[in-house]
Protein chains: 2
Amino acid sequence: MDIARDATLHQRILNELESQIVSGAWPPGHRLPFEVDLAKQYGCSRMTVNKVMTQLAKAGLIERRKKSGSFVTQPQAQSAVLEIHDIKTEVASLKLAYSYALLATTEREADIEDRRRLDLEKPGPVLEVRCMHLAAGDPFCLEERLINLEVVPDARHADFSNVAPGPWLLERAPWTAAQHQIQAVGADRETAKLLKLKPETACLVIERRTWNTFGPVTHVRFTYPGTRHRVVADFQPSSSQPR
Amino acid sequence: MDIARDATLHQRILNELESQIVSGAWPPGHRLPFEVDLAKQYGCSRMTVNKVMTQLAKAGLIERRKKSGSFVTQPQAQSAVLEIHDIKTEVASLKLAYSYALLATTEREADIEDRRRLDLEKPGPVLEVRCMHLAAGDPFCLEERLINLEVVPDARHADFSNVAPGPWLLERAPWTAAQHQIQAVGADRETAKLLKLKPETACLVIERRTWNTFGPVTHVRFTYPGTRHRVVADFQPSSSQPR
DNA sequence: AAGTGGTCTAGACCACATG
DNA sequence: ATGTGGTCTAGACCACTTG
């Protein structure tokens, strides 16, 4: 906890509150101390605390309610930018029946390729999960995931035959940073077979790495039949709207 | 200018400064009034002005330099999220020679499809521009663009044979909101021919709509040979880093 | 009615970069 | 050295919502 030694008072308070939240010490729904109390605790004025709380609220980590206090929001408010797709929700919004199938899980020491995918500096144990998401019984999306067992050791004993690793992780290992890569590729033979496509059909591949304060959490590659999926990102540069 | 009647003082000042910037009245490089002067002008304390300026800086609209003042940043600070690709820069970063070729321009009344692409409510004049971006003489990306002539009438007489419409627009019609859509498609015959690919090769299609305060500005569709291009988006939910 | 966050003030001191 | 933004204070009033 020696991060941010000579930062501003803001930053120090922000970091401390933030780590309470992302570490899970303050779970979703938890009420934060009131501004006046935090001000006393840190020996500063309320304005300073207010600034921090306002930032946390803007970042979506907490929700503020007058007369009641400030509360940690549900798992992750990644709504800001490039949404983290919950595939189940996505399929449901298309009014199709969702189902899920586990293909395989493998535990191993990270090889070179694994370390590249996970942004891992040292070798370490990883869990690979391959699974399929289906809509109305048809292949919707292939998921190939790598989980860093050093950061999420519980994943070793998780049962992914009924719960997809995405939702499972979201509850247990909140992330603080994410990187997306999107590209188009022609389906290779195995992918084509799984998705029931002709080989070389254009597919949209979305890769996402996520980190929390303890390091890389997971790398996941979603392969969608190309024309059946779009990524949408809205963007407004300034901070006008009240939201 | 009757927006935001009963907003907070913050909001009012923010809106006014922001519109000076996005309207172009304060062009890139322009020095904003000092905090103390703005405080006098609005009859408020410096803290209030400071809060606004801090927000503008976070949003990337201005840059603040001690002892010098605050300055409007270059055209658009879309660096935040899903970067607006300047293809010339992109090619340059690959250390390849960039070149550009205009294919065709067409002026017409917006048809149904044009209105859908531009998010246009009423019919109106539009300009279609098709052009190619090349890297080391090879096709790099096909650009198909629609410009709303009601918002950017000057485009009618612009010469796009040497300057790509992207950079041209960026200087003349700053945008305030953008939406991206990304998908993978198999190249149709014409696209394949232009990009020198086999038909049905996987391509990454990035579509972008942009708006400013006067309405839809432009819709553009970039088609890249799939494996040769990736979209990358970093995302950090909270506001920790000093950047 | 009371307690919370939202906003604002009129000062202050400091670090920093140099019209 | 000077003037700028960065930060912080110790108050204050208001609006909202309801332990």
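The chains referred to below are lettered A, B, ... by the order of the sequence lines, with proteins before strands, and numbering in each begins at 1. Scope of the values below: all heavy atoms of this structure, side chains included, with no hydrogens, waters or symmetry mates. Every value quoted in this text rests on a predicted model; they were computed, and no experiment measured them.
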**Fill in**
Residue set satisfying side chain to side chain contact (heavy atoms under 4.5 Å, CB included) with A:Val163, at least two apart, ordered chain then number -> A:Trp168
**Message:** Test of understanding: with side chain to side chain contact (heavy atoms under 4.5 Å, CB included), list the residues that count as partners of A:Pro27, not counting sequence neighbours.
**Reply:**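 A:Pro27: side chain to side chain contact (heavy atoms under 4.5 Å, CB included) contacts with A:His30.
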Rounded off to whole Å, could you give me the [atom1]-to-[atom2] distance for the [X] and [N] pair?
{"X": "A:Tyr42", "N": "D:dT7", "atom1": "OH", "atom2": "C1'", "answer": "17 Å"}
{"X": "A:Leu56", "N": "C:dG5", "atom1": "CG", "atom2": "C1'", "answer": "14 Å"}
{"X": "A:His10", "N": "C:dC14", "atom1": "NE2", "atom2": "P", "answer": "18 Å"}
{"X": "A:Lys40", "N": "D:dT9", "atom1": "NZ", "atom2": "P", "answer": "15 Å"}
{"X": "B:Asn50", "N": "D:dG5", "atom1": "CG", "atom2": "P", "answer": "9 Å"}
{"X": "A:Lys51", "N": "D:dT9", "atom1": "NZ", "atom2": "C1'", "answer": "12 Å"}
{"X": "B:Glu35", "N": "D:dG6", "atom1": "CD", "atom2": "P", "answer": "6 Å"}
{"X": "B:Arg64", "N": "C:dT18", "atom1": "CZ", "atom2": "P", "answer": "16 Å"}

**Message:** Just to verify, which of B:Asp119, B:Leu120, B:Thr210 counts as forming a side-chain contact (heavy atoms from CB on, under 4.5 Å) with B:Asn148?
**Reply:**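 Single pass found, and it is B:Leu120.
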**Request:** Look at the rings of B:Phe140 and B:Tyr224 and say which category their plane angle falls in: under 30° parallel, 30 to 60° tilted, over 60° perpendicular.
**Result:** perpendicular
**Item:** Any side-chain donor near an acceptor of the partner, B:Thr54 and B:Asn50, under 3.5 Å
**Value:** yes
**Request:** Look at A:Ser70 and C:dT4 and indicate whether a side-chain polar atom (N or O) is within less than 4.0 Å of OP1 or OP2.
**Result:**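 It does not, given that no N or O in the side chain of A:Ser70 lies less than 4.0 Å from OP1 or OP2 of C:dT4.
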**Prompt:** Between B:Thr48 and C:dT9, is there a side-chain N or O to OP1/OP2 distance below 4.0 Å?
**Reply:**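 For C:dT9, OP1 or OP2 has a side-chain N or O of B:Thr48 closer than 4.0 Å.
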**Request:** Answer yes or no on whether A:Arg208 is positioned over the face of A:Phe222, meaning its NZ or CZ is under 6.0 Å from the six-membered ring centre and within 45° of the axis.
**Result:** no
**Message:** Output one letter per nucleotide in nucleotides 11-19 of chain D: B when a protein non-hydrogen atom lies under 4.0 Å from the base, S when only the sugar-phosphate is that close, - when neither is.
**Reply:** -B---SBBB
